[in-house]
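Numbering of ligands and ligand atoms starts at 1, following listing order.
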Amino acid sequence: MVKQTVLIVDDDKIICRTLKYQLEKGGYKAVSANSGEECLYHLKQNDISLVLLDMKLPDRDGMQMLEQIRQVNSFLPIMIVTAYGSIESAVAAMKAGATDYITKPINFEAMMMKIEKALEARNYKKEIARIRAEEEGKYSFSRIVGRSQSIRQVLSLSERVAQSDASTILIQGESGTGKDLLARAIHYESSRRNKPFMEITCTALPATLLESELFGYEKGAFTDAKARKEGLLELADGGTVFLNEIGHMEIAVQAKLLSVLEYRTFRRVGGTEEINIDVRVIAATNRDLKTAVDEAAFRDDLYYRLHVLPITIPPLRERREDIMLLAHFFLEQFNKEFRKEIDGISEATQEYLTNYDWPGNVRELKNMVERAVILENERVITPALLPPEIRKPKVDDTVYKLPKDGISLEAVEKQLIKQALDMAGWNQSKAAQLLRLGRGALQYRMKKYGFLT
Ligand SMILES: Nc1ncnc2c1ncn2[C@@H]1O[C@H](COP(=O)(O)OP(=O)(O)OP(=O)(O)O)[C@@H](O)[C@H]1O
Ligand SMILES: [Mg+2]
């Protein structure tokens with residue numbers, strides 16, 4: 001492991017040397033600075049992990065020094081060294097952002113423990129910042145792939161909504177169109193990004209459980225409520241609550257939710273206290289809410305409340321330009337994941353992919369590409385590996401659509417016979433072939449409809 005470097009800032013050279021000796025004995029590297037100027041120089045030149053700062057410097061006030069160090073590096077642990085008895089200055093320094101303090105005369109053993117603790121905490125902070133950054137990257141709008149006009153409209157609307165103060169957003173779309181992905185992108189691209197994103201799927205729980213998950217409960221609210229529990233709405237304060245599959249939320253919970261959306265306040269189950277919250281609610285559904293309202297399965301007032309800002313992600317079959325782009329995007333992703341080097345997608349495969357209707361939308365496409373990448377031994381993805389439903393040629397079995405008020409079958413037959421005869425230049429054998437009829441059968445119908453006397 002690389003040794004971590006501690007920067008000692010003290011104008012007393014003897015103290016510097018003693019500290020350096022102790023630190024090196026403890027497994028650290030140490031450099032010293034005798035002035036504020038030197039301190040800043042080292043911070044820029046070396047990879048410093050921690051600063052031991054004496055508050056009395058020849059060229060600077062200790063507090064001022066502290067601020068300057070913070071400006072260079074906001075994560076860096078700074079440990080203040082003060083004379084015994086000047087606790088007030090240590091407290092002031094802590095308030096100004098120092099990590100901890102030690103008093104002179106120095107107890108080296110205690111000092112080493114404090115240093116170790118501070119470095120450990122810094123590593124966590126760094127790790128969390130890294131995870132956060134990764135998560136943010138994962139859920140930005142740029143991760144939503146698509147070049148069709150319709151998806152671009154969805155994205156530009158979502159970007160505006162994310163930046164706005166809008167407190168309630170509804171995302172509609174068939175299963176697998178990317179509602180989860182979009183909800184997260186809206187959160188991570190809003191000013192709420194550093195606050196929690198809490199998700200709950202409304203169908204996963206019975207109504208009473210869903211209620212206590214959302215609103216929390218007071219001790220004694222029901223037999224198992226041994227202690228107060230905060231609900232998701234409270235835990236997400238300042239952030240976003242994502243209500244997945246709201247179309248299937250039970251009516252009893254809908255009423256309570258409506259009141260939260262209207263007044264931004266609620267009570268825990270079994271509680272009397274009104275709790276005020278600042279959360280953005282993003283609801284998603286693959287069910288047509290208007291139909292659910294008509295079927296009395298969804299409250300109309302809640303529907304109108306949610307419908308202030310609806311974002312609808314169109315199904316993949318209505319934006320076929322996106323299919324190949326997504327397929328290549330997933331190809332690259334799974335190549336990396338499974339350490340494969342598949343170059344592309346064969347012409348024939350592309351043909352099948354762009355013509356298929358994708359009832360499972362992007363999720364189905366993604367799963368298909370994953371499977372193909374795992375199994376493919378060729379340089380490109382070949383049709384042999386496509387599931388049969390994708391390889392099936394498209395048969396449109398509703399070319400002839402029956403009008404609502406019906407139609408005379410004889411009139412249709414008459415028209416088709418006339419068209420076949422015209423197409424065949426009134427050659428009866430050819431016309432019979434076009435209609436898959438025998439010549440006699442055609443002649444019978446020609447007589448019937450007055451084409452032959
Ligand atoms: N435009 C897109 N670009 C990249 N990946 C996408 C896109 N749309 C969807 N996906 C991916 O497809 C999968 C399904 O998306 P997601 O879970 O967001 O769909 P959903 O609409 O929430 O589905 P359901 O209604 O079943 O919950 C996820 O793995 C998601 O990352
Ligand atoms: Mg989903």
Number of protein N/O/S atoms that sit closer than 2.8 Å to the Mg ion (ligand 2): 1

Leu243 CG to Ile171 CD1 distance, which is reported to the nearest 0.5 Å: 11.0 Å

Lys/Arg N to Asp/Glu carboxylate O, Arg192 vs Asp237, below 4.0 Å: no

Glu413 atom CD, neighbour heavy-atom count above 12 within 6.0 Å: yes

The single option from Leu306, Thr285, Asp288 passing side-chain contact (heavy atoms from CB on, under 4.5 Å) against Phe298: Leu306

Whether Tyr188 and Tyr139 hold their rings parallel, tilted or perpendicular, with breakpoints at 30° and 60°: parallel

Glu262/Arg305 ion pair, N-O < 4.0 Å: yes

Donor-acceptor contact below 3.5 Å, side chain Glu376 vs main chain Glu378: yes

Mutual orientation of the aromatic rings belonging to Tyr356 and Trp358 [parallel < 30°, tilted 30-60°, perpendicular > 60°]: perpendicular

N or O contacts of ligand 1 with protein under 3.5 Å, please list pair by pair.
residue	atom	partner	partner atom	Å
ligand 1	1 (N)	Val145	N	3.4
ligand 1	1 (N)	Val145	O	2.9
ligand 1	3 (N)	Val145	N	2.9
ligand 1	17 (O)	Arg363	NH2	3.2
ligand 1	18 (O)	Lys179	N	3.4
ligand 1	18 (O)	Asp180	N	3.1
ligand 1	18 (O)	Leu181	N	3.1
ligand 1	19 (O)	Gly178	N	3.2
ligand 1	21 (O)	Thr177	N	3.3
ligand 1	21 (O)	Gly178	N	3.1
ligand 1	21 (O)	Lys179	N	2.9
ligand 1	21 (O)	Lys179	NZ	2.8
ligand 1	22 (O)	Asp180	N	3.1
ligand 1	22 (O)	Asp180	OD1	2.5
ligand 1	23 (O)	Gly176	N	2.9
ligand 1	23 (O)	Arg363	NH2	3.2
ligand 1	25 (O)	Lys179	NZ	2.6
ligand 1	26 (O)	Ser175	OG	2.8
ligand 1	26 (O)	Arg363	NH1	3.0
ligand 1	26 (O)	Arg363	NH2	3.2
ligand 1	29 (O)	Lys366	NZ	2.7

Donor-acceptor contact below 3.5 Å, side chain Arg280 vs main chain Thr240: no

